[in-house]
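Everything below concerns the one structure shown next.
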Protein chains: 2
Amino acid sequence: MTPLEAARACGRVDSLFDAEFFKAMSDATRLRLLSCLTKCRRPCSVTELTECCSVDFSVVSRHLGILERAGLLTSSKEGRTVFYEVRYRHLSDTFQALARSFDVPERKTKNPGKTRIGRRS
Amino acid sequence: MTPLEAARACGRVDSLFDAEFFKAMSDATRLRLLSCLTKCRRPCSVTELTECCSVDFSVVSRHLGILERAGLLTSSKEGRTVFYEVRYRHLSDTFQALARSFDVPERKTKNPGKTRIGRRS
DNA sequence: TGCATAGTTGCGTCACCATGCAATTATATC
DNA sequence: GATATAATTGCATGGTGACGCAACTATGCA
């Protein structure tokens, strides 16, 4: 299969390759927030989460919003306080599916059935 | 555990939370290249891979370099041609580990045993 | 009603990055 | 050596995003 053919055969794998999802995880501050929140194993407020990183409160609020919109967190409001929580199941399932999409394949030649460059023994 | 305590307890999970890795996967063009290359299940040249996306050849070359430096691809040169290949095992293992780090925990309360928000017992 | 707390949003700034084009390097072929 | 092909790199540009500050909204409390 050529890359072009692969591009045309956009199967179920592609839905996993969501740039927005990875973009949400591509910032060090957001990863720290996600990491802390994951370790806490309980919902945390924005104020609490601001303690674990060295940026402005408003920045934390924005980052949490980004993580939520990307599907990594959920939020619930109680009075003035907003609690963010990790979507454990969703993330576990997503990464599990990603792992499967990279299951080691049978080794194939670079140019199957050809005599040109890249031919394996 | 508070987020601050979680931040101080930087354990093995954090090494998985590598911003560079996710940044490499946060661009639509790079994801397309990775997807095509994964589906091909064989090493492909830069020229081949240029067919599957609508950007300049030089851009593809740069993206493949980024993916390689981030540990997602390996390259090998044969004559004038550079072949890029997916690091299937590495990616499978990485995502597997990420999935495990989000294994669904026992449900805990927001404020275990206390009346004030975020305060530790 | 007045004030304090929790959080979001607007705005300006700075840095980074994706892109295309052109120049360059490296290798193969004539 | 001359030329063609494969790929990388320099450079300019336009766009995006992280950040801090300030203003604003929303809720709780006296």
Side-chain angles (χ1 to χ4, degrees), chain A residues 2-4 17 19-34 37 43-70 72-85 110-111 114-119, chain B residues 2-4 19-34 37 43-70 72-85 110-111 115-119:
Chain A
T2 68
L4 183 56
F17 285 35
E20 288 310 308
F21 175 79
F22 293 111
K23 200 173 292 179
M25 297 193 73
S26 70
D27 178 79
T29 304
R30 281 196 293 273
L31 280 180
R32 187 167 182 86
L33 289 167
L34 183 63
L37 202 43
C44 294
S45 68
V46 181
T47 301
E48 271 187 306
L49 286 164
T50 301
E51 293 174 14
C52 76
C53 45
S54 55
V55 295
D56 193 78
F57 183 80
S58 67
V59 175
V60 173
S61 172
R62 248 184 275 260
H63 279 315
L64 292 171
I66 290 170
L67 288 169
E68 184 182 20
R69 281 189 293 278
L72 287 83
L73 305 180
T74 54
S75 68
S76 56
K77 193 168 184 180
E78 294 189 10
R80 290 175 294 194
T81 307
V82 175
F83 287 96
Y84 284 93
E85 184 174 18
K110 290 176 183 174
N111 295 302
K114 303 265 290 210
T115 55
R116 294 216 24 240
I117 286 176
R119 176 98 169 139
Chain B
T2 68
L4 181 57
E20 289 310 309
F21 175 79
F22 293 111
K23 200 174 291 178
M25 298 193 71
S26 71
D27 177 80
T29 304
R30 282 197 292 273
L31 279 180
R32 188 168 182 85
L33 289 168
L34 182 65
L37 201 45
C44 294
S45 69
V46 181
T47 302
E48 271 187 307
L49 287 163
T50 300
E51 295 174 12
C52 77
C53 45
S54 55
V55 295
D56 193 78
F57 183 80
S58 67
V59 174
V60 172
S61 172
R62 247 185 276 260
H63 279 314
L64 292 171
I66 290 170
L67 289 169
E68 184 182 19
R69 282 190 293 278
L72 287 83
L73 305 181
T74 54
S75 68
S76 56
K77 194 169 183 178
E78 294 189 13
R80 291 175 295 196
T81 308
V82 175
F83 287 96
Y84 283 93
E85 184 174 18
K110 291 175 185 176
N111 299 299
T115 52
R116 281 214 34 219
I117 287 173
R119 186 83 159 79

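Chain A is the first sequence line, chain B the second, and so forth, proteins listed ahead of strands; every chain is numbered from 1.
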Euclidean distance, atom [atom1] of residue [X] to atom [atom2] of [N] [Å, nearest integer]:
| X | N | atom1 | atom2 | answer |
| --- | --- | --- | --- | --- |
| B:Leu33 | C:dA18 | CG | P | 12 Å |
| B:Arg32 | C:dA18 | CZ | P | 17 Å |
| A:Phe83 | C:dT8 | CZ | P | 13 Å |
| A:Glu51 | C:dG7 | CD | P | 11 Å |
| B:Lys23 | D:dT16 | NZ | P | 18 Å |
| A:Leu49 | C:dT8 | CG | C1' | 16 Å |
| B:Leu64 | C:dT19 | CG | P | 12 Å |
| A:Glu68 | C:dT9 | CD | C1' | 16 Å |

Measuring from the side chain of [X] (C-beta onward, heavy atoms only), which nucleotide among [options] has the closest atom?
| X | options | result |
| --- | --- | --- |
| B:Arg30 | D:dA7, C:dA18, C:dT8 | C:dA18 |
| B:Ser45 | D:dA18, C:dT19, D:dA7 | D:dA7 |
| B:Ser61 | C:dT19, C:dG7, D:dA7 | D:dA7 |
| A:Thr81 | D:dA18, C:dA6, C:dA18 | C:dA6 |

For [N] and [X] - does any side-chain N or O of the residue sit under 4.0 Å from the phosphate oxygens OP1/OP2?
| X | N | result |
| --- | --- | --- |
| A:His63 | D:dC19 | yes |
| A:Thr47 | C:dG7 | yes |
| B:Thr29 | C:dA18 | no |
| B:Tyr84 | D:dT8 | yes |

Between side-chain atoms of residues 59-68 of chain B and protein atoms elsewhere (two or more places apart, or another chain), which donor-acceptor pairs fall under 3.5 Å?
residue	atom	partner	partner atom	Å
B:His63	ND1	B:Arg30	NH1	3.1
B:Glu68	OE2	B:Ser75	N	3.4
B:Glu68	OE2	B:Ser75	OG	2.7

Next on the checklist: At under 4.0 Å between heavy atoms, how does the protein contact nucleotides 21-30 of chain D? Give one character per nucleotide, 5' to 3', with B, S or -.
Outcome noted: BB---SBS--

Checklist entry - Can B:Met25 and B:Leu31 be said to form a side chain to side chain contact (heavy atoms under 4.5 Å, CB included), step by step? => result CA-CA 6 Å; B:Met25 298 193 71; B:Leu31 279 180; 3.8 Å; yes

Rounded to the nearest 0.5 Å, how far does [atom2] of [Y] lie from [atom1] of [X]?
| X | Y | atom1 | atom2 | answer |
| --- | --- | --- | --- | --- |
| A:Leu33 | A:Asp27 | CG | CG | 8.5 Å |
| A:Thr50 | A:Glu48 | OG1 | CD | 9.5 Å |
| A:Phe83 | A:Leu73 | CZ | CG | 14.5 Å |
| B:Glu51 | B:Ser45 | CD | OG | 8.0 Å |

Next on the checklist: Testing the basics here: between A:Ala19 and B:Ala28, what is the closest heavy-atom pair and its distance to 0.1 Å?
Outcome noted: CB-N, 4.1 Å

Checklist entry - Taking all non-hydrogen atoms of both residues, which atom of B:Ala70 and which atom of B:Glu20 are closest, and how far apart? => result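 Between these two residues, the closest heavy atoms are CB-O, 4.2 Å.
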
Next on the checklist: Taking the nucleotide of DNA chain D with the nearest heavy atom to each, does A:Glu20 or A:Phe57 sit closer to the 5' end?
Outcome noted: A:Glu20

Checklist outcome for this item: By nearest-heavy-atom nucleotide on DNA chain D, the more 5' of A:Val55 and B:Val82 is B:Val82

